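Letters A, B, ... mirror the listed sequences (proteins, then strands); counts begin at 1. Here the structure is a predicted model, which means the values were calculated and not measured.
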Amino acid sequence: MVRLNSTIHRAVVPFEPRDEGKVGIYVCGPTVQSEPHVGHGRSAVAFDVIRRYLAWRGFDVTYVRNVTDIEDKIIAAAAEAGESVDVLAVRMAERFANGYKALGVVEPDIEPKATEHIPEIIELIQTLIDRGLAYAAGGDVYFSVRADERYGRLSGRKPDELRAGYRIEVGESKHDPLDFTLWKGAKPGEPWWDSPWGPGRPGWHIECSAMASKYLGDGFDIHGGGTDLIFPHHENEIAQSEGASGETFAKYWLHNGMVNLGGEKMAKSTGVLVDLASIAEKHGGRPLRLLFLRAHYRSPIEYSDELLAEAEDALDRLQRFRDRVTAGEPDAGALNRFREMMDDDFATPEAVSLLFDLVRDGNRLLDDGGDASAIAGAVEEIVGVLGLDDASLPAETALDLGDLAARHGLAGGGPEVIDQLIRLRAKAREERRFDDADAIREGLEEAGVILEDGPDGTRWLRR
RNA sequence: GGCGACGUGGCCGAGUGGUUAGGCGCGGGUCUGCAAAACCCGUCACACCGGUUCGAUUCCGGUCGUCGCCUCCA
């Protein structure tokens, strides 16, 4: 039985999907205003693992992750860059797609864009107006927070406690400072769509309500996103969707923790961030994916180059084991342990620890001449569910072995000379010319090729 | 001020009412011509103060501290 820590339940609860065997998941995707950073990657990986695990557990998963491609910040960024809103949005959406791919995030089944769902959004807003939960004023449409008696059920913030700190911005026509925008009347030069309330664009919160119910139904199973979205975004989604349909919106709410840098939340607005693309390019996405997996998805994590390097070392250890042995039928006990851990709110840190337990057990077995194929099978299975292999490795830099090869009387400078050099070194070792042997090993190491001598001869790996 | 999360060894980071998490680093050992890899041993942790208990790092209360949200944010 899968159990999950649902924000709205404020507890770890058994997962009981609305339709047995099926799971609908909606995750808030990015606002494509600028380059993705590590924090965006973490959220994507967190829910990617949840999705993969539920599928592995036999659920038929429908996974929806939206793209917010119209929003104030995008309009501002486009104006600054001197390009149109849609060109910037498409360009940035592609950057996000590349980042997700490097991290091994499986593409959503459906990836709806706000700008392609304007009719659905308008219809939803109209329903809210008809039901007395929203009103048009001054070209805008607002949601009446006071009209929703249960407002605050997710975040625990009650309207009376929220009052202080809210203001009505100049130019807004809200009846109450708590009300939030459903439809924003267009200002000159801004993108707009026709609506019953005049030209304008959707507010941020309404698009998720409209798209989630379109693809998953008025009620579905799991809604995900970062903890920073709990209030007001997710609170407002609930108010809108449940206000319009009268049904429970998402049954479970899952929230991933933030990525901190130097103890402070990584965010575009503060400029405290590490660009996802630069890491993927330099290190590949795999170490970062493991770094995420080593912490529970709800916990805040710290990012640093040192931590990334540690993850790289751990991956090397894992890979060496995988190279040592051919995987067979997975060890059932290991998979049972994995399932127990992951059933408990997707405890990936424990799963990672199990993975390295298995590596040690397997290595020990191999050292003693035993058969580790079942352990290796379990390792492969777990690696697969965690999606590590789908994340990218760093691009290999070109080998430059020309000088070294020439020094040893060989032609060429590519990977093919490595085997020849290893043979030369073996000969030198046989003849106990260890200085010559070591010179070859050191030469290769300088070029980024590591040699390891084992009982079955010498093997090499890139580093 | 309000709401929420959290404080674990040199570092990262799980977990538990009484018995080894795991990774990285460091020290020692096995193997090896040497190294690397692998394995073994060690590095004897749970913010502070009370309480419950035969026994608490684990439960309860308080103190201090950190982080997030309360405006856009994964």
Is it the case that A:N66 and A:E207 place a side-chain donor and acceptor less than 3.5 Å from each other?
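A donor-acceptor contact under 3.5 Å links the two side chains.
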
Classify the side-chain pair A:R339/A:N336 by whether it contains a donor and acceptor separated by less than 3.5 Å.
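Their side chains do contain a donor-acceptor pair, which is all the 3.5 Å distance test asks for.
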
Side chains of residues 418-430 of chain A: which donor-acceptor partners sit under 3.5 Å, not counting sequence neighbours?
{"residue": "A:R425", "atom": "NH1", "partner": "A:D453", "partner atom": "OD1", "Å": "3.1"}
{"residue": "A:R425", "atom": "NH2", "partner": "A:D453", "partner atom": "OD2", "Å": "2.8"}
{"residue": "A:R429", "atom": "NH1", "partner": "A:D453", "partner atom": "OD2", "Å": "3.4"}

What's the gap between [N] and [M] when it is taken at their [atom1] atoms, as a whole Å value?
N	M	atom1	answer
B:rG68	B:rG61	C1'	25 Å
B:rU43	B:rG10	C1'	9 Å
B:rU52	B:rA14	C1'	27 Å

Run the side chain to side chain contact (heavy atoms under 4.5 Å, CB included) test against [X] and tell me which residues pass, sequence neighbours left out.
X	result
A:T227	A:I230, A:H255, A:M258
A:D435	none
A:R432	A:F434
A:E381	A:W56, A:P330, A:L335

Under the salt bridge (charged side-chain N to carboxylate O under 4.0 Å, His left out) rule, what do A:D436 and A:R441 come out as? Steps first, then yes or no, please.
CA-CA 9 Å; A:D436 293 344; A:R441 185 173 66 202; over 6 Å; no

For side-chain hydrogen bond (donor to acceptor under 3.5 Å, both in side chains), just list the numbers for A:Y142 and A:D176, CA-CA rounded to whole Å, side-chain angles, deciding distance to a tenth of an Å, and then say yes or no.
CA-CA 9 Å; A:Y142 298 97; A:D176 186 305; over 6 Å; no

Tell me which residues in residues 249-257 of chain A put a heavy atom below 4.0 Å from RNA chain B, sorted by number, or none.
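Per residue number, the list reads A:N256, A:G257.
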
Distances for protein N/O vs nucleotides 20-26 of chain B N/O pairs under 3.5 angstrom?
{"residue": "B:rA21", "atom": "N3", "partner": "A:S353", "partner atom": "OG", "Å": "3.1"}
{"residue": "B:rG22", "atom": "OP1", "partner": "A:R360", "partner atom": "NH2", "Å": "3.1"}
{"residue": "B:rG23", "atom": "O2'", "partner": "A:R294", "partner atom": "NH1", "Å": "3.4"}
{"residue": "B:rG23", "atom": "N2", "partner": "A:E310", "partner atom": "OE1", "Å": "3.0"}

May I ask you to say whether [X] pairs ionically with [Y], meaning some side-chain N is under 4.0 Å from a carboxylate O?
X	Y	value
A:D148	A:R153	yes
A:R157	A:E235	no
A:D344	A:R3	yes

Parallel, tilted or perpendicular: ring planes of A:F346 versus A:Y53, cut at 30 and 60 degrees:
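Ring orientation of A:F346 relative to A:Y53: perpendicular.
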
Taking the minimum atom-to-atom distance to the side chain of A:E71, which one of B:rC72, B:rA74, B:rA38 wins?
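Looking only at side-chain atoms, A:E71 lies closest to B:rC72.
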
Identify each atom pair where a protein N or O and an N or O of nucleotides 67-69 of chain B are less than 3.5 Å apart, giving names and distance.
{"residue": "B:rG68", "atom": "OP1", "partner": "A:K265", "partner atom": "N", "Å": "3.2"}
{"residue": "B:rC69", "atom": "OP1", "partner": "A:K265", "partner atom": "NZ", "Å": "2.6"}
{"residue": "B:rC69", "atom": "O2'", "partner": "A:R157", "partner atom": "NH2", "Å": "3.3"}
{"residue": "B:rC69", "atom": "O2'", "partner": "A:F231", "partner atom": "O", "Å": "3.4"}
{"residue": "B:rC69", "atom": "O2", "partner": "A:R157", "partner atom": "NH1", "Å": "3.0"}
{"residue": "B:rC69", "atom": "O2", "partner": "A:R157", "partner atom": "NH2", "Å": "3.0"}

How far apart are the C-alpha atoms of A:H117 and A:Y215, what are their side-chain angles, what is the distance that settles it, and do they pass the side-chain hydrogen bond (donor to acceptor under 3.5 Å, both in side chains) test?
CA-CA 11 Å; A:H117 294 78; A:Y215 296 107; 2.6 Å; yes

For [X], report the nucleic acid contact type (base, sugar-phosphate, nothing); a contact means any heavy atom under 4.0 Å.
X	result
A:S299	sugar-phosphate
A:K73	base
A:T31	sugar-phosphate
A:G225	sugar-phosphate

Using a 3.5 Å limit on both pairing distances, list the dot-bracket string of RNA chain B from the 5' end; Watson-Crick and G-U wobble pairs count, crossing pairs take [ ], interstrand pairs take |.
(((((((..(((.....[...)))((((((.......))))))...(((((..]....))))))))))))....

With A:R42, which residues qualify under side-chain hydrogen bond (donor to acceptor under 3.5 Å, both in side chains), at least two apart?
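A:R42 satisfies side-chain hydrogen bond (donor to acceptor under 3.5 Å, both in side chains) with no other residue.
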
Classify every nucleotide of nucleotides 28-35 of chain B by which part a protein heavy atom approaches to under 4.0 Å, writing B for the base, S for the sugar-phosphate alone and - for neither, in 5'-to-3' order.
-----BBB

Which atom pairs, donor and acceptor, lie under 3.5 Å between side-chain atoms of residues 277-292 of chain A and protein residues at least two apart or in another chain?
{"residue": "A:S278", "atom": "OG", "partner": "A:D275", "partner atom": "O", "Å": "2.9"}
{"residue": "A:H283", "atom": "ND1", "partner": "A:E312", "partner atom": "OE2", "Å": "3.2"}
{"residue": "A:R286", "atom": "NE", "partner": "A:L388", "partner atom": "O", "Å": "3.1"}
{"residue": "A:R286", "atom": "NE", "partner": "A:A391", "partner atom": "O", "Å": "3.0"}
{"residue": "A:R286", "atom": "NH2", "partner": "A:D389", "partner atom": "O", "Å": "3.2"}
{"residue": "A:R286", "atom": "NH2", "partner": "A:A391", "partner atom": "O", "Å": "3.1"}
{"residue": "A:R289", "atom": "NE", "partner": "A:L386", "partner atom": "O", "Å": "2.8"}
{"residue": "A:R289", "atom": "NE", "partner": "A:G387", "partner atom": "O", "Å": "3.4"}
{"residue": "A:R289", "atom": "NH1", "partner": "A:D48", "partner atom": "OD2", "Å": "3.1"}
{"residue": "A:R289", "atom": "NH1", "partner": "A:L103", "partner atom": "O", "Å": "2.8"}
{"residue": "A:R289", "atom": "NH1", "partner": "A:G104", "partner atom": "O", "Å": "3.2"}
{"residue": "A:R289", "atom": "NH2", "partner": "A:D48", "partner atom": "OD2", "Å": "2.8"}
{"residue": "A:R289", "atom": "NH2", "partner": "A:L386", "partner atom": "O", "Å": "2.8"}

